[in-house]
Novice: 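Mind having a look at this structure? Questions to follow.
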Amino acid sequence: MAIFVVSDIHGHARAFDRALELAQPAPDDTVFVLGDMVDRGPDPLGVIDMVRALPNVRVLMGNHEEMLYESLESGDERDKLTWHMNGGYTTYEQLEQLPRDRYVDLMDWLVNLPTFAVVEVDDRRPSAARGDRRSYLLAHAGVDAPRLRASLDALGVSYSEAEGYAAATPDDLLAAMIEQDVNDLLWIRREFWSTPTGLVGTSGLGPVVVAGHTPSISMPRYASLMCGSGVDEDLRGVMVEVGCSRDTGGVADRVCIDCSAAAGHPSGRVGIMRLEDRRVWLADIEEGE
């Protein structure tokens, strides 16, 4: 049973379908979708239907799902305009065409989406020792790392320069994540990508944060210690590991999985990563999609 992660599909149902075909998660694998299924692309509700049909899926809220719900809930024209200016018009049009029972069901599902998750997997990367386990913190945009470390300290989780917070159990990490501000989980950007989390020690051990929200093609504006430029040789979005340094034993403490689908063709992609070995599958967004 493997853990797959994908984020920021942004209405590109066809590319998402191709990415799933490439990755081929098994029915007993878990697929985590880290938000921003909707807006910008041509078929946001098609993406949601595909996500909800996956046999073993867990979905987190993104800032675009929050904008969708809050603008419709408030009825404020300024909120609606802000949402539409951020790519929400196609989503709005599709929602308007839904029968009432499907609309109510969808909105109830969206508003109850969680904002974070914690998973622990067998670390099967070539550099990992046999039997190693790795915890991953999943959120749409990232975390407030100083606040997270303070929460772990308050829980009595031991820290060392060599092992970072490797002693934190998944339950410890869940308890610490509860103390995060929801706005940070949905919207944080520069503060997260520009500064090491301090969770990973010099031995390379410790929890790693996986997030989307910031398109990889824009990452050089925000991130330090990027493992790559955020694009491939054809200037298309890719997944980006961030934070590899001597202080982390050469291990990235953050991973951006937003492959810039919001940009559409020709630079946008939908990407899926398997956490156990960090293998990545990428599907280009074709012209007209």
Side-chain angles (χ1 to χ4, degrees), residues 1-69 87-88 91 94-95 105-119 121 136-143 177 182 185-187 208-216 237 239-240 254-262 268-276 278-283 285:
M1 294 182 288
I3 304 291
F4 292 81
V5 290
V6 58
S7 188
D8 295 84
I9 303 164
H10 278 299
H12 291 287
R14 292 184 182 178
F16 180 42
D17 188 48
R18 290 194 293 271
L20 287 170
E21 281 291 319
L22 291 170
Q24 294 190 348
D28 59 350
D29 294 333
T30 302
V31 177
F32 280 85
V33 181
L34 308 192
D36 279 14
M37 298 168 285
V38 299
D39 300 346
R40 302 201 187 280
D43 192 9
L45 297 196
V47 170
I48 289 178
D49 288 342
M50 291 173 62
V51 166
R52 297 183 75 181
L54 292 171
N56 196 14
V57 68
R58 292 183 60 185
V59 185
L60 305 185
M61 183 175 288
N63 62 300
H64 279 261
E65 283 80 30
E66 182 190 53
M67 279 194 293
L68 180 165
Y69 182 82
T91 309
Q94 288 191 332
L95 286 170
D105 172 69
L106 177 57
M107 298 301 286
D108 284 346
W109 180 74
L110 284 174
V111 76
N112 286 300
L113 292 177
T115 53
F116 64 85
V118 175
V119 297
V121 304
Y136 287 91
L137 310 180
L138 311 180
H140 173 64
V143 300
M177 287 291 285
V182 169
L185 297 172
L186 297 180
W187 292 91
V208 171
V209 184
V210 175
H213 183 57
T214 302
S216 68
M239 292 189 179
V240 186
R254 287 151 289 161
V255 183
C256 173
I257 63 169
D258 181 344
C259 299
S260 309
R269 282 168 156 169
V270 175
I272 297 178
M273 174 183 282
R274 184 169 58 205
L275 290 183
E276 282 79 0
R278 296 199 196 172
R279 183 175 176 184
V280 173
W281 293 267
L282 297 166
I285 296 171

Novice: Keeping E65 on the side-chain end and M37 on the backbone end, is there a donor-acceptor pair under 3.5 Å?
Specialist: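 Such a contact is found between E65 side chain and M37 backbone.
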
Novice: Look only at the side chain of S216 and the backbone of G237, and say whether a donor-acceptor pair between them is shorter than 3.5 Å.
Specialist: no

Novice: Are the side chains of T214 and D258 in touch, meaning some heavy atoms are under 4.5 Å apart?
Specialist: no

Novice: Could you check if a side-chain atom of I272 sits within less than 4.5 angstrom of a side-chain atom of L22, using non-hydrogen atoms only?
Specialist: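 Not in contact.
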
Novice: To check you understand the geometry: which heavy-atom pair defines the closest contact between H213 and W187, and what is its length?
Specialist: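 Taking every non-hydrogen atom into account, NE2-O, 3.3 Å.
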
Novice: For atom CZ of R58, decide whether the heavy atoms of other residues, nucleotides or ligands shown that lie under 6.0 angstrom number more than 12.
Specialist: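 No, because the 6.0 Å sphere around CZ of R58 holds 12 heavy atoms or fewer from other groups.
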
Novice: Looking at CD1 of I9 and NE2 of H64, how far apart are the two atoms once the value is rounded to the nearest 0.5 Å?
Specialist: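 The distance works out to 13.0 Å.
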
Novice: Measure the shortest side-chain to side-chain distance between V119 and V5 over non-hydrogen atoms and say whether it is less than 4.5 angstrom.
Specialist: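 When only atoms from C-beta onward are counted, V5 and V119 do not touch, as no gap falls below 4.5 Å.
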
Novice: Can you give me the closest heavy-atom contact between C259 and M239, atom names plus distance?
Specialist: SG-CG, 3.5 Å

Novice: Would you tabulate the side-chain donor-acceptor contacts of residues 26-35 under 3.5 Å, counting partners in other chains and residues two or more places apart, or write 'none'?
Specialist:
{"unit_1": "D29", "atom_1": "OD1", "unit_2": "A2", "atom_2": "N", "d": "2.7"}
{"unit_1": "D29", "atom_1": "OD2", "unit_2": "A26", "atom_2": "N", "d": "2.7"}
{"unit_1": "T30", "atom_1": "OG1", "unit_2": "N56", "atom_2": "ND2", "d": "3.0"}

Novice: For a side-chain contact (heavy atoms from CB on, under 4.5 Å) with L185, tell me which candidate from M177, H140, M61 qualifies.
Specialist: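 Between L185 and the candidates, side-chain contact (heavy atoms from CB on, under 4.5 Å) is satisfied uniquely by M177.
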
Novice: Report the C-alpha separation of Y136 and I3 in whole Å, then their side-chain angles, then the decisive distance to 0.1 Å, and conclude whether the side chain to side chain contact (heavy atoms under 4.5 Å, CB included) test is met.
Specialist: CA-CA 10 Å; Y136 287 91; I3 304 291; over 6 Å; no

Novice: Where is the tightest heavy-atom contact between R269 and I285, given as atom of each residue plus distance?
Specialist: N-CD1, 4.0 Å

Novice: Under a 4.5 Å cut-off applied to non-hydrogen side-chain atoms, are L275 and V255 in contact?
Specialist: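 No, every pair of side-chain atoms sits at 4.5 Å or beyond.
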
Novice: Which heavy atom in H10 sits nearest to a heavy atom in V38, and how many Å separate them?
Specialist: ND1-O, 2.9 Å

Novice: Hey, what do you get for CD (Q24) to CZ (R274), rounding to the nearest 0.5 Å?
Specialist: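 If we round to the nearest 0.5 Å, Q24:CD and R274:CZ are 10.5 Å apart.
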
Novice: Taking all atoms of both residues into account, what is the closest heavy-atom pair of V51 and V57, and its distance?
Specialist: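 Where V51 meets V57 most closely, the heavy atoms are O-CG1, 3.4 Å.
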
Novice: Examine distances only and state if a side-chain atom of D8 and a backbone atom of D36 form a donor-acceptor pair shorter than 3.5 Å.
Specialist: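 Pair absent, no side-chain N/O of D8 close to backbone of D36.
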
Novice: Report yes or no: do T91 and D39 form a side-chain donor-acceptor pair below 3.5 Å?
Specialist: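 The criterion, which ignores hydrogens and geometry beyond distance, is satisfied for D39 and T91.
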
Novice: Looking at R278, I want to see if its CZ is surrounded by more than 12 non-hydrogen atoms of other residues, nucleotides or ligands under 6.0 Å.
Specialist: yes

Novice: Quick check: closest heavy atoms across V270 and A19, and the distance to 0.1 Å?
Specialist: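 Of all heavy-atom pairs spanning V270 and A19, the closest is O-CB, 3.9 Å.
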
Novice: Can you label the angle between the F4 ring and the W281 ring as parallel, tilted or perpendicular, going by 30° and 60°?
Specialist: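 Rings of F4 and W281: tilted, as their planes differ by 30° to 60°.
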
Novice: Go through F116 and V143 one step at a time and tell me if the side chain to side chain contact (heavy atoms under 4.5 Å, CB included) criterion holds.
Specialist: CA-CA 10 Å; F116 64 85; V143 300; over 6 Å; no

